[in-house]
Amino acid sequence: MRYTPQELEAEWRERWAESGQYEADPDRRGGDDATFVTVPYPYPSGGMHIGHARTYTVPDVYARYRRQQGDNVLFPIGWHVTGTPIVGAVERLKNGEEEQIHSLENAFGVPESDLTALETPMGYARYFIEEADCSYKTGMRRLGLSIDWRREFTTNDERYSKFITWQYETLKERGLLENGLHPVNYCTNEEQPVTTHDLLEGEDTEFQEYTLIKFEDKDEGVVYPMATLRPETVRGVTNAYVDPNATYVRATVDVSEQRSDGSDSAAASSGGEEWIVSVEATEKLDLQARNVDVEETFEGIELVGERVTNPVTDEEIIVVPAGFVDTDNATGVVMSVPAHSPDDWIALEEAKARANDLTEYGLDPDEIRAIEPRAILTIEGYGEFPAKDAVEDHGVESSSDPALEEATQELYNSEFHRGELIEEYGEFAGESIEDVRDELESHFQRQGVFDAMYDFSEAVVCRCGGDVEVAEQETWFLRYNDAEWSEKALRAIENLDAIPETTREQYTHTVDWLEEWPCIRNYGLGTRLPWDDEFVIEPLSDSTIYMAYYTIAHRLEDVPPEEMDRDFFETLFYGEGAVADPDPDERALELREEWDYWYPVDYRCSANDLISNHLTFFLYHHAELFDEERWPRGITSMGMGLLEGEKMSSSKGHVVLPDEAIETYGADTVRFFLLNSSEPWQDFDWRAGEVGSTRDQLERFWNRAVDVIEEPEGERDLETIDRWLLARLQRTVRTVTDAMERFETRTASQHAFYRFEEHLKWYRRRVNLDQQGTDASPEYPARGVSAQRPGVRWTLRTVLETRLRLLAPFVPFMANELHERLTGKPAEDVPWPEPVPEFENPTVVERERLVKDVLEDVRDIIAVTDTDPETIRLYVAADWKRTVLDTVLDVGPNRGRVMGDVMQDEALREKGDAVNALVGDLVALVRERDDSTLASLSEIDERAVYEDASAFLAREFDADIDVYDEDGDPVDPDGKASQAQPFRPAIHLE
RNA sequence: GCGAGGGUAGCCAAGCGGUCAACGGCGGCGGACUCAAGAUCCGCUCGUGUAGACGUUCGUGGGUUCGAUCCCCUCCCCUCGCACCA
């Protein structure tokens, strides 16, 4: 019976599909025995790769385990198509973009002829959901995932949208949605928001919020908004810079717009102010929801020499020309803080050096030379002017010196964390920048002397070639920073079984920093915002409670979508009294029963990187919309996958497709490798070499199992070594079960398979199961399974049956097949094993350890002495040594006390040094073992152990084995016998 | 920077206070079987060693302890997340 996984697996897949094996319906088992496991529905913007295979196999293994434990288990799946990725992919494909076509053809093996089918978003989605070889559904079926396929849906389905509509209308009504402005990446050419995916340049650039400090030209009543990322340096400003050759404008800028940065800085300042900014800045300000009316355009040179007043210190400073000013960054008007900015320090030095040249701008050189740096903070390790020290320490020569950036980085960093503001800062004095920057900024914003704007620090370009800027858009937010809502979310986290436990803190931390979440987009697939169909609810917001939808998805066909209104869902989720209608919707009430049966979600198997958004949202929404007993019970967070030690990348074609892997190795091997090579939350590494050897191991398992199955059953007539293997088996059952409860798939499969293989290997040696070596002399003839005594056959069958049940969740095809051949029933249809008390036997385990110890010791001696003994003599320690050991056990592993006690005994006292040495060793022996091990050891008759094992040892070493008592007048040519200690016989080789 | 996780022999990786020179796998070496290869089985794989031992190891430097890979502190390095990509 050869192992041919492809054939075998096809049969089982067909069998499962025909019988609807995994279609789960509420049944007589009560809700307590209902287990509901979910995994994030796939996003079919491309094919399935081996990393996804693990994601879906982990919940499958748990689902299969729970079924064997007697639970009614629901494991459903759906398809997430919301948002822009699919639409974007289709666009790129239609535009004939090389990279996109390459990725489809190379990574996912999409034939050219199929490409046209992918030119509509849902066509594209369908293709990767179920049509392609690399589609998710194909992969999932081949992997043998125990999914209830009747319940699948996509997030673009009309009925699903009704469900999301209910969710958002409810949240809005509860005041958890609000609208406001929000900064987004905006293509000025296409005049629409763009995603990271749409960018040609600057994909990794994030926009920053600049503080604008409103210096004022009091004579003219004009504001010079100076952009800075370090608003706390406002008291250190010595002068301003403009680019004399650039174009500036005077414009009326509306500053009354509410800002949406979450702070209460909606400073109700007056309508418009006259601002001096670069011409580039006007467009940015305009995009950031300000009215900008340009009054006058002129060259920067005209600003040179103007005097403006610092709104915080009320001091006048002068505007100086500088070529380094970038007018495309923020306002194009910058302030100089030479004491704390290495750039400004150098710039000032250089300005002073060429002060005489500045007369051409009508500046007084002496006035420039008189500019003095002003320190605004103190910091340990730096002098009065930290920038000066930084410049000198890094040996910065000029403004073009590359060391300048390094100096700046280091100083900014130190000042941010360790700098303390000087007295003039009043309430902020003495505080570190880190602690007060935000506070200080909003303080001055409230006073109306600071403002803010967004900008990128480098150019960002759209794929269309257009310039991308930061625009403020009207949008809707989920109020995740709402105190009451956060409170509920925190309670949901407390109740949660967070696997691994270390993730719990990440959830609480996320709740702590989460602000409002913009939950709509301008385009993409999905559900329209109910009260404004211009917008679509974005993917992380339409996927927070959809697990509830699984419970009813397969029973909605007869409900017309238009009837799935708010009352329908209110009745479904909140019951009969939830709506005013005296005649509640019967269909909704029926569906409610099923929802009620399955909910809550017992375990959600998801990914580490989703903790800080999706998973936390999932908890928020459940906490708000459902009662506490419906909140999620547990979340398992999974790590990611590597391929041959490197990140997988579908764009580079560096992926392995499940379909191909299954073709090569079989689904059981793929599953087993994925679950056994690391715990779910650890990263795994797909290495073809190791997958291949996994396959070999499974094949060997199969072959041996078939050997056992084909032989007669044997009888329950057990010897010690059989009892040893059975005792090991009970421990394995215990370990595997504990591990399964905690989603430790690696530990579980490792013990059920590899660890137990080790035990079996020993057992096979002990009973001489395999023909091996030339030492199979007539005296100890080699034998196969068939020739074994009935007790061995009985033991092997028992062990196999139990292991097949333990392995069934991991390798369901193989385990079910073998179990059925062995017992007539598939493993999945019989209960999960429990430890059998009569076979639990710690003493026999310790006994066998002694045999292994002796084997190793003898082998060591042979290796060191390079001999080939004909006779091996073992000497069991004398009785008085056992007496000493008993004393140690009695008084505890304390050398002094043991000696004190032992020396009471005259016979022992006479032995003096020998006793002293022995006590030392025995104290160590006792210290190193736990009580139960010691108790087991105490029960052992050592001499019997070695005598029972002597035939085995004789075979191993091809030598005669003689066992003696040390104090039984033994044959002892080299005087070794006296070295014997309890549980460590003396050895003599000859 | 903030939050989280991690650094163990050639590689992957377990261990998280004593039975640890450190499970297991891969790779390598030697042997058995075989015409041969593969598979399978046995042994070795830090150093020294003609008796089961000893010495030096688990990112760095300290500390706690009779005893630390395991606990505490310092530092160095790596990975992930930090919001509009899902």
Side-chain angles (χ1 to χ4, degrees), chain A residues 40 42-43 45 80 82-86 88 182-185 193 195-198 203 206 412-413 416-417 434 475 477 480 500 502-503 505-506 508-510 512-521 538-541 543 607-614 639-640 645 647 676-678 681-685 687 689-690 692-694 696-697 699-700 703 746-747 750 753-755 757-758 761 764-765 770-776 849 853-854 856-867 893-895 923-930 933 956 974 976 979 983-989:
Chain A
Y43 200 95
S45 57
H80 202 196
T82 307
T84 58
I86 291 173
H182 187 72
V184 294
N185 291 4
T195 66
T196 314
H197 226 89
D198 299 319
E203 286 163 278
E206 279 176 26
Y412 279 21
N413 202 3
F416 182 67
H417 295 287
E434 185 175 11
T475 193
F477 300 92
Y480 290 134
T502 50
T503 55
E505 207 179 319
Q506 294 188 58
T508 34
H509 183 249
T510 302
D512 287 345
W513 63 253
L514 214 47
E515 302 281 348
E516 294 106 335
W517 178 268
C519 62
I520 55 170
R521 297 286 182 273
E538 62 87 37
L540 288 171
S541 301
S543 56
N608 290 148
D609 54 354
L610 294 178
I611 291 175
S612 61
N613 48 49
H614 172 265
M640 39 170 241
K647 270 190 181 171
N676 180 68
S677 62
S678 60
W681 44 91
Q682 298 172 324
D683 294 347
F684 75 93
D685 189 1
R687 291 182 187 257
E690 308 218 4
S693 85
T694 300
D696 293 343
Q697 302 270 23
E699 179 159 12
R700 186 177 58 175
N703 291 336
R746 178 183 152 87
T747 303
Q750 195 83 14
F753 195 80
Y754 291 106
R755 295 267 176 132
E757 283 295 299
E758 292 286 309
K761 195 161 137 186
R764 299 169 74 85
R765 251 168 102 176
D770 303 299
Q771 296 199 345
Q772 51 171 284
T774 46
D775 60 344
R849 178 162 291 157
D853 287 348
V854 167
E856 272 170 34
D857 282 346
V858 173
R859 206 194 308 287
D860 273 359
I861 299 167
I862 289 174
V864 172
T865 57
D866 195 23
T867 52
N894 178 309
R895 199 164 176 161
V923 163
L925 178 138
V926 169
R927 249 191 194 145
E928 287 163 5
R929 271 157 256 256
D930 60 36
T933 306
E956 286 286 321
D974 288 347
K976 295 285 183 191
Q979 290 176 6
F983 311 120
R984 192 168 188 264
I987 296 167
H988 179 249
L989 306 187

Quiz prompt | Base-paired stems that RNA chain B participates in, counting runs of 3 or more Watson-Crick or G-U pairs under 3.5 Å | solution = B:1-7 with B:76-82, B:10-12 with B:24-26, B:27-32 with B:40-45, B:46-48 with B:53-55, B:61-63 with B:71-73
Exercise. Quote, to the nearest angstrom, the C1' distance that separates B:A53 from B:A36.
Key: 43 Å
Quiz item: Using a cut-off of 4.0 Å on non-hydrogen atoms, how would the nucleic acid contact of A:Asp609 be classed: base, sugar-phosphate, or nothing?
Solution: sugar-phosphate
Quiz item: Considering residues at least two apart in sequence or located in another chain, which fulfil the side chain to side chain contact (heavy atoms under 4.5 Å, CB included) criterion with A:Glu928?
Solution: A:Ala924
Protein and nucleotides 46-48 of chain B: nitrogen or oxygen contacts under 3.5 angstrom:
none

Quiz item: Among all residues two or more places apart in sequence or in another chain, which pass the salt bridge (charged side-chain N to carboxylate O under 4.0 Å, His left out) test with A:Arg687?
Solution: A:Asp685
Quiz item: Contact class for A:Trp681 (heavy atom, under 4.0 Å): base, sugar-phosphate, or nothing?
Solution: nothing
Quiz item: If we take the P atom in both B:A22 and B:U56, what is their distance in whole Å?
Solution: 16 Å
Practice problem: Determine the interatomic distance between C1' on B:C29 and the same-named atom on B:C73; round to the nearest Å. | Solution: 44 Å
Exercise. Report yes or no: does A:His614 contribute a side-chain atom to a donor-acceptor pair with the main-chain N or O of A:Ser543 at less than 3.5 Å?
Key: yes
Practice problem: Could you tell me whether A:Pro985 contacts a base, only the sugar-phosphate backbone, or nothing, with contacts defined as non-hydrogen atoms closer than 4.0 Å? | Solution: base
Quiz item: When rounded to the nearest Å, what value does the distance between C1' atoms of B:G18 and B:G24 take?
Solution: 22 Å
Quiz item: When rounded to the nearest Å, what value does the distance between P atoms of B:U19 and B:U69 take?
Solution: 10 Å
Quiz item: What is the distance from CD1 of A:Ile861 to C1' of B:U50, rounded to the nearest Å?
Solution: 12 Å
Every protein N/O lying under 3.5 Å from an N/O of nucleotides 29-31 of chain B:
none

Quiz item: Does A:Arg984 have any salt bridge (charged side-chain N to carboxylate O under 4.0 Å, His left out) partners at least two apart in sequence or in another chain, and if so, which?
Solution: none
Practice problem: Name the nucleic acid region contacted by A:Leu989, choosing base, sugar-phosphate or nothing; use a 4.0 angstrom heavy-atom cut-off, strictly under. | Solution: base
Self-check item: First encountered from the 5' end of RNA chain B, between A:Glu856 and A:Asn185
Solution: A:Glu856
Quiz item: How would you label the contact of A:Leu925 with the nucleic acid (heavy atoms, under 4.0 Å): base, sugar-phosphate, or nothing?
Solution: nothing
Exercise. Rounded to whole angstrom, note down the P distance from B:U45 over to B:U64.
Key: 36 Å
Practice problem: Pick base, sugar-phosphate or nothing for A:Gln506, based on heavy-atom distances below 4.0 Å to the nucleic acid. | Solution: sugar-phosphate
Exercise. Remember a base hit wins even if backbone is also touched, and classify A:His614 as base, sugar-phosphate or nothing at under 4.0 Å, heavy atoms.
Key: nothing
Exercise. Only counting residues at least two apart or in another chain, list the ones meeting side chain to side chain contact (heavy atoms under 4.5 Å, CB included) with A:Gln979.
Key: A:Lys976, A:Ala986
Practice problem: Assess whether side chain to side chain donor-acceptor pair (under 3.5 Å) is satisfied between A:Glu538 and A:Ser541, documenting all intermediate values. | Solution: CA-CA 5 Å; A:Glu538 62 87 37; A:Ser541 301; 2.4 Å; yes
Can you pull every protein N or O that's under 3.5 Å from an N or O on nucleotides 18-28 of chain B?
from  : atom 1 : to       : atom 2 : distance (Å)
B:C23 : O2     : A:Arg755 : NH2    : 3.0

Quiz item: Who pairs with A:Arg746 by salt bridge (charged side-chain N to carboxylate O under 4.0 Å, His left out), at least two apart in sequence or on another chain?
Solution: none
Quiz prompt | Atom of A:Thr867, atom of A:Ile862 and distance for their closest heavy-atom approach | solution = O-CG2, 3.1 Å
Quiz item: Taking atom C1' of B:C42 as reference, at what distance in whole Å does atom CD1 of A:Ile862 sit?
Solution: 13 Å
Quiz item: salt bridge (charged side-chain N to carboxylate O under 4.0 Å, His left out) with A:Asp696: which residues, sequence neighbours excluded?
Solution: none
Quiz item: Is A:Ala986 touching bases, backbone alone, or none of the nucleic acid, heavy atoms closer than 4.0 Å?
Solution: base
Quiz prompt | Inter-nucleotide P distance (B:G6, B:G15), Å rounded | solution = 11 Å
Quiz item: Within the structure shown, what part of the strands sits under 4.0 Å from A:Glu505 by heavy-atom distance: base, sugar-phosphate, or nothing?
Solution: sugar-phosphate
Self-check item: Along RNA chain B (nearest heavy atom to each residue), the more 5'-positioned of A:Val858 and A:Met640
Solution: A:Val858
Pick out the pairs of N or O atoms, protein on one side and nucleotides 53-59 of chain B on the other, that lie under 3.5 Å.
from  : atom 1 : to       : atom 2 : distance (Å)
B:A53 : OP1    : A:Arg984 : NH2    : 2.8

Quiz item: Looking at residues at least two apart in the chain, or sitting in another chain, which of them share a ring-ring contact (aromatic ring centres under 6.0 Å, His included) with A:His80?
Solution: A:Tyr41, A:Tyr43
